[in-house]
Structure formats: structure tokens, C-alpha cells
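Atoms considered below: every heavy atom in the structure, side chains included; atoms not considered: hydrogens, waters and symmetry mates. In each ligand, atom 1 is the first atom listed, and ligand 1 is the first ligand listed.
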Amino acid sequence: MMSEILPNLHWIEGRASNIYLWIGEEGLALFDTGMSGDVDKILDYVTKIGRQTTNLTAILITHADMDHAGGAARIHARTGAPIYASKETAVYIKDGLSPPHLPKWVQFLMDRFFKYPPVPTTAVHQFTEEGSLPDLEDWQVLASPGHTMDHHSFYNPRFGILIAGDALNTRRDRLNCSEKRATADMASARESARRLLRLTPAVIACGHGTPFTDHSASDIMMLDRALA
Ligand SMILES: [Zn+2]
């Protein structure tokens, strides 16, 4: 699926995760990149909606998993857009490694055989743990560890948009916290999810599952209670 969620926010469904395109006054920004094999689809989409890929001014990464950061190196190479990532995420993406959060043998195979194209260190701008992003005035960075410990989410209070990454998902057509089998620290994941829910976002743009736009306050409250 590829569609407009809001006039300034588009959803691109990658092979294994969601990518979001922000059309801001300051230029275009991508939230996560999908896998390396998603790059053509993403850049074609930008052109299809009448924009230029050279107007991409930022690539933001929620966490260093292959399905979220795997396309970063190729998108950077084709557009020149800088990559924004946390200090911890920057360490993994320069080697094409996913942060530890999977069952041991899966993690071993990932680290050994499923590396993604490494991101050149010079392309990465580190953002601070919390706070605003230098070139994206409407957006705030929120540390949301748990699924992986390098995980960050992005929030736009002006439009009520939450880019949740894997801190929340809408698998099985409902709002969920990161599932136990793919979570580094479950207590942190629950705490992060509740913190994000407390923002009562109008749009919950998750890394997996259809973005939530027509949810009610009780959907949010139900998950918050379940996580308490
Ligand atoms: Zn993930």
C-alpha cells in the first residue's frame, strides 16, 4: 500500500515494514527506509507524487533493525540526504548490524549472514536523546527503548503525528506494544509505549501494520491499561 495519510504525511509499505514520507515546508523527510530492496519503490513514489528526490533533506531512523535502516545507505547515495540517528543507532548502522533483541540463534544468523549495506559515518548526524531536530522544526525526538535499546520515536505536536517505529504496532488490527519474542527489554518497552500513548496522537504511524488514524480515546486507554 502507498497512500496519503495527511496532505503532508504519506505511507509507503515496504517488504517488511512501513516507511513514512513527510512533506514539510523545509523539504521532504523520510522516517525509516525499509530494506535495501525497498529503495526503488520509495524513490519512485516520491517522483510519482510530483516531488523530486533531490528535495529529500533528511532520513530519520527509529532504530537500527534491517527492516528499518537497511535502505539508508542506498537512499543517501542516491539523494545525498543526511541521515539522522541516535548515538547508539549510529554505531550499528555503520556496520549494517541489527541491535540485539531477537532469540540468540536468530541474532547470530542476522549478525553473521544478514547484514545490510553499511552507512558511511560522514552521512550520519546524531540527534540528542530528547528534544528538537535542527532541520525539522515541527518534530521532537523521544527516546522509546524496549523493542531495541537504541529505539527512538518522533512526534509532531502541531499535527498530532507520532512516528512510533516498533514501540507500537497495529498487527491483528489493534494497537499493540512490541511483542515479547522480539523485544530486548519488556519492562522498558511497556513504559515507552505508555509514554507515547499519553501523547494521545491523532495519527499513530507504526513500523508494522496499518497506520492508526481513526482510533478512539478508548483504544488508547485499553492498551495503556493492559500495559500498566
Ligand atoms: Zn524492529
Side-chain angles (χ1 to χ4, degrees), residues 11-20 30-39 41-42 59-75 83-119 124 127 129 141-155 162-172 174-197 204-212 223 227:
W11 168 39
I12 304 164
E13 196 175 15
R15 293 171 187 199
S17 67
N18 295 324
I19 299 112
Y20 296 96
L30 274 181
F31 289 95
D32 283 336
T33 66
M35 315 236 269
S36 186
D38 292 321
V39 170
K41 185 180 185 178
I42 296 167
I59 302 163
L60 297 107
I61 307 292
T62 57
H63 63 302
D65 269 349
M66 175 191 261
D67 53 341
H68 294 258
R74 282 189 65 207
I75 296 178
I83 297 163
Y84 292 85
S86 71
K87 195 176 158 194
E88 309 93 297
T89 301
V91 172
Y92 296 112
I93 61 177
K94 75 169 174 43
D95 293 324
L97 285 172
S98 299
H101 66 106
L102 297 167
K104 266 202 181 118
W105 65 274
V106 183
Q107 193 75 44
F108 173 80
L109 293 176
M110 290 290 295
D111 294 348
R112 206 67 190 275
F113 304 108
F114 297 101
K115 287 188 184 177
Y116 52 86
V119 172
V124 182
F127 52 69
E129 277 304 287
V141 181
L142 299 165
S144 47
H147 170 74
T148 59
M149 296 319 277
D150 69 323
H151 199 286
H152 286 73
S153 302
F154 303 98
Y155 184 57
L162 172 69
I163 306 289
D166 284 354
L168 295 168
N169 69 72
T170 58
R171 286 181 169 129
R172 300 179 301 279
R174 60 185 178 88
L175 200 55
N176 310 286
C177 174
S178 173
E179 62 261 54
K180 201 174 173 190
R181 61 180 174 85
T183 298
D185 182 312
M186 210 53 218
S188 304
R190 281 197 200 99
E191 202 178 298
S192 292
R194 295 193 72 198
R195 180 178 179 218
L196 297 176
L197 294 173
I204 303 179
C206 308
H208 303 275
T210 308
F212 246 34
L223 178 60
L227 294 171

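No donor-acceptor contact under 3.5 angstrom links the side chains of S86 and D150, judged on distance only.
Ring pair F154/Y20: centre-to-centre distance not below 6.0 Å.
Screening D166, T89, D32 against H63 for a side chain to side chain donor-acceptor pair (under 3.5 Å) leaves a single residue, D166.
Taking the Zn ion (ligand 1) as reference, the nearest N/O/S atom within D65 carries the name OD2. Checked against the Zn ion (ligand 1), the N, O or S atom of D166 at the shortest distance is OD2. Taking the Zn ion (ligand 1) as reference, H63 places its N/O/S atom NE2 nearest.
Remark: the backbone N or O of M66 is paired with a side-chain donor or acceptor of S98 at under 3.5 angstrom.
Metal site remark for the Zn ion (ligand 1): H151 contributes no N, O or S atom at a distance under 2.8 Å.
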